[in-house]
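Some notes on the structure that comes next.
Lettering of chains follows the sequences in order, A, B, ..., and the numbering in each one begins at 1. As the structure is a prediction and not an experimental result, all values here were calculated from the model.
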Amino acid sequence: MTKVRTRFAPSPTGYLHIGGARTALFSWLYARKMQGDFILRIEDTDRERSTQASVDAILEGMQWLGLDHDEGPFYQTQRFDRYKAVIQQLLDQGDAYYCYCSKERLETLRESQWAAKQKPRYDGLCHGRTDIPEGAEPVVRFRNQQEGTVIFDDRVRGTVIFNNSELDDLIIARSDGTPTYNLTVVVDDLDMEITHVIRGDDHINNTPRQINILRALGQKPPIYAHVPMILGDDGKRLSKRHGAVSVMQYRDEGYLPDAVLNYLVRLGWSYADQEVFSREQMQALFDLKDVNKAASTFNTEKLQWLNQHYIKEMPASTIAEHLQWQFNDQGIDTRQGPAVTDVIDALKERARTLKELAAAARYFYQDFDTYDEKAAKKQFKQGTAEVLAALHEGLGTVDHWDLEPIHAAIMQVCKALDLKLGKVGPPLRVAVTGTAMSPSLDVTLKLIGKQRTLERIEKAIDYIK
RNA sequence: GUCCCCAUCGUCUAGCGGUUAGGACAUUGCCCUUUCACGGCAGUAACCGGGGUUCGAGUCCCCGUGGGGACGCCA
């Protein structure tokens, strides 16, 4: 049995978006599961739109997600000689021909066909043409046979049949001599010995054309697997031109790559009732035959749930590495203050994203001059200053600044003032955090530290007066 | 318009001829609770429509409807 080889072949005309990432994930998973190779290929034959910045963005996205490739990245622009040779071969064989039709004529042709309620297609005017117009820069068209059918067994769609009569003679080389997609993809998948072509189902219509080119070259087609699209909230396909979000934007928003991967893998694929998959489990359990046929809609809320799951389950030290980006972004310096891992343990059950987590951690590292308006209004009233003063005194006597003594000191103040904890805790929380929500008080105070706690209580007393 | 593809709770999905149609997210209620969360328990919620096939259809077939895609000297 030959080794499985899959590939991801984006065109560098934008960042790596969430739909492309899912396609890449499926290709990568299948290769890993089958202990095959995963190849990265950059389809940059469109010189007009391809940019180095896009190549870099795609590479960065793949790396962030941890989708490592075994070969590549290969660039199609570096393989022009090879394509040229294949085009010449097709020309020599009579499977391709020069076409001198102007863009204007083609445009007119399409319009009239549309008006006649027909499928727009090239009419084959230049096939067999012997006169060569003066100064024309011809394109090369592949001669598609008109009889018979193309049948392929798609791993997710099942048997797919096309009538050759639906296909027209497609352009395989532009007038400047550069090759186009349907030619390069065939040549590359052949040369790179790709066994399984896993791609978005927007390519399903291209497949019979590619198979015909393959036949003309005397080669056998690879196995195809067309995975469904991901739709945006509006039900429209997610694409670069339509509302797709860069995977790097998910990092910026505070999502863990494992959460994004886990979310993505369950979009269009399932394994009974299981929702959470480690990378290893995905690789072991993924199978093309379990991929859905229907398009699915992206749902951020479920991603958030998974993200929090990973924030809670992963080691705090690992979270800390990813969190550093957010601290930098939010201008929080964590070099002074409690250990980041302790802060993570205290806050991880209250944050769905790392962005939220970093924001919630701010008061552990920075003093503040203002209080949350609603919280201050509700908790700072007449008499609160006295309560805080008592807390200041009580906490001031705590020598061993730890959970138990802190808790005992607070309870002692409650007892002395004959107040319930519900009257003492909330104002203390606002005083030391500036907000109405935080982890439990003993944990919060411990992490803030004795010195800072006492200072902030004093400050709050001044503020109330 | 032509061709192709698709169709189970709001969303992601399980189901592979006989199920009280299951799970997850979201949502609602209750419990836990010094706040916010977490957690626990319970609930609301779906087979697009119409014809067949069959003793029996969410499951198979056909038609309709709806949605998506392709129809480029883009990929």
message: Measure NZ/A:Lys420 against P/B:U33 and give the value in whole Å, please.
response: 13 Å
- prompt: OP1, OP2 of B:U13 versus side-chain N and O of A:Ser296: anything below 4.0 Å?
  reply: yes
query: Where the side chain of A:Thr45 is concerned, which of B:C3, B:G72, B:A75 is the nearest nucleotide?
result: B:A75
query: If you look at every strand shown and take non-hydrogen atoms under 4.0 Å, does A:Gly200 touch a base, only sugar-phosphate, or nothing?
result: nothing
- request: Look at the side chain of A:Leu441 and decide which nucleotide, out of B:C12, B:U34, B:U35, has an atom nearest to it.
  value: B:U34
- request: With a 3.5 angstrom cut-off on both distances, give the Watson-Crick or G-U wobble partner of B:A45, or none if there isn't one.
  value: none
- line: Note: A:Arg22 and A:Leu264 closest approach over all heavy atoms is CG-O, 3.4 Å
field: P gap between B:A70 and B:A75, integer Å
entry: 14 Å
- request: Could you say whether A:Leu267 or A:Leu303 is positioned toward the 5' end of RNA chain B, judged by the nucleotide with the nearest heavy atom to each?
  value: A:Leu267
message: Of the options B:C12, B:A70, B:U35, whose atoms approach the side-chain atoms of A:Thr297 most closely?
response: B:C12
- prompt: With no hydrogens and no angle check, do the side chains of A:Asp44 and A:Thr77 hold a donor and an acceptor under 3.5 Å apart?
  reply: yes
task: Would you kindly check whether a donor in the side chain of A:Asp201 faces an acceptor in the base of B:G69, or vice versa, at under 3.5 angstrom?
output: no
query: Picking from B:A75, B:G72, B:U34, which would you name as closest to the side chain of A:Ile171?
result: B:G72
- line: Mate of B:G72 across any strand shown (Watson-Crick or G-U wobble, both atom pairs under 3.5 Å) is none
message: Suppose we define a pair by two distances each less than 3.5 Å, Watson-Crick or G-U wobble; what does B:C25 pair with here?
response: B:G10
- prompt: Which whole number of Å gives the distance between the P atom of B:G22 and that of B:C16?
  reply: 14 Å
message: Would you say A:Asp442 and A:Ser440 are linked by a side-chain donor-acceptor pair, where the criterion is simply a distance under 3.5 Å?
response: yes
statement: By the Watson-Crick or G-U definition, both distances under 3.5 Å, B:C60 is matched with B:G52
query: Quick one: does A:Glu275 reach the base of B:G23 with a side-chain donor-acceptor pair under 3.5 Å?
result: yes
message: Need one value for A:Trp114: base, sugar-phosphate or nothing, where a base atom within 4.0 Å counts as base even if backbone is also close, heavy atoms only.
response: base
- prompt: Out of B:A26, B:C12, B:C6, which nucleotide sits closest to the side chain of A:Glu301?
  reply: B:A26
task: Would you mind classifying the nucleic acid contact of A:Asn206 as base, sugar-phosphate or nothing, using non-hydrogen atoms under 4.0 angstrom?
output: base
Check: B:C36 base within 3.5 Å donor-acceptor of A:Arg350 side chain: yes
- request: Quick one: label A:Thr180 by what it contacts on the DNA or RNA (base, sugar-phosphate, nothing), any heavy atom closer than 4.0 Å.
  value: sugar-phosphate
- prompt: Counting only distance, no hydrogens or angles, is the base of B:U34 paired donor-acceptor with the side chain of A:Arg429 under 3.5 Å?
  reply: yes
Atom P, compared across B:G68 and B:C60: separation rounded to whole Å: 24 Å
message: Can you tell me how the ring of A:Phe298 sits relative to the ring of A:Tyr250, calling it parallel under 30°, perpendicular over 60° and tilted otherwise?
response: tilted
task: Report the nucleotide, chosen from B:C12, B:G69, B:A75, that has the shortest atom-to-atom distance to any side-chain atom of A:Ser11.
output: B:A75
field: Touch class at under 4.0 angstrom, heavy-atom based, for A:Lys117 against every strand present
entry: sugar-phosphate
query: Are any side-chain N or O atoms of A:Ser270 and backbone N or O atoms of A:Arg266, one a donor and one an acceptor, separated by less than 3.5 Å?
result: no
- prompt: Of A:Tyr122, A:Tyr97, A:Tyr98, A:Phe142, which meets ring-ring contact (aromatic ring centres under 6.0 Å, His included) against A:His127?
  reply: A:Tyr97
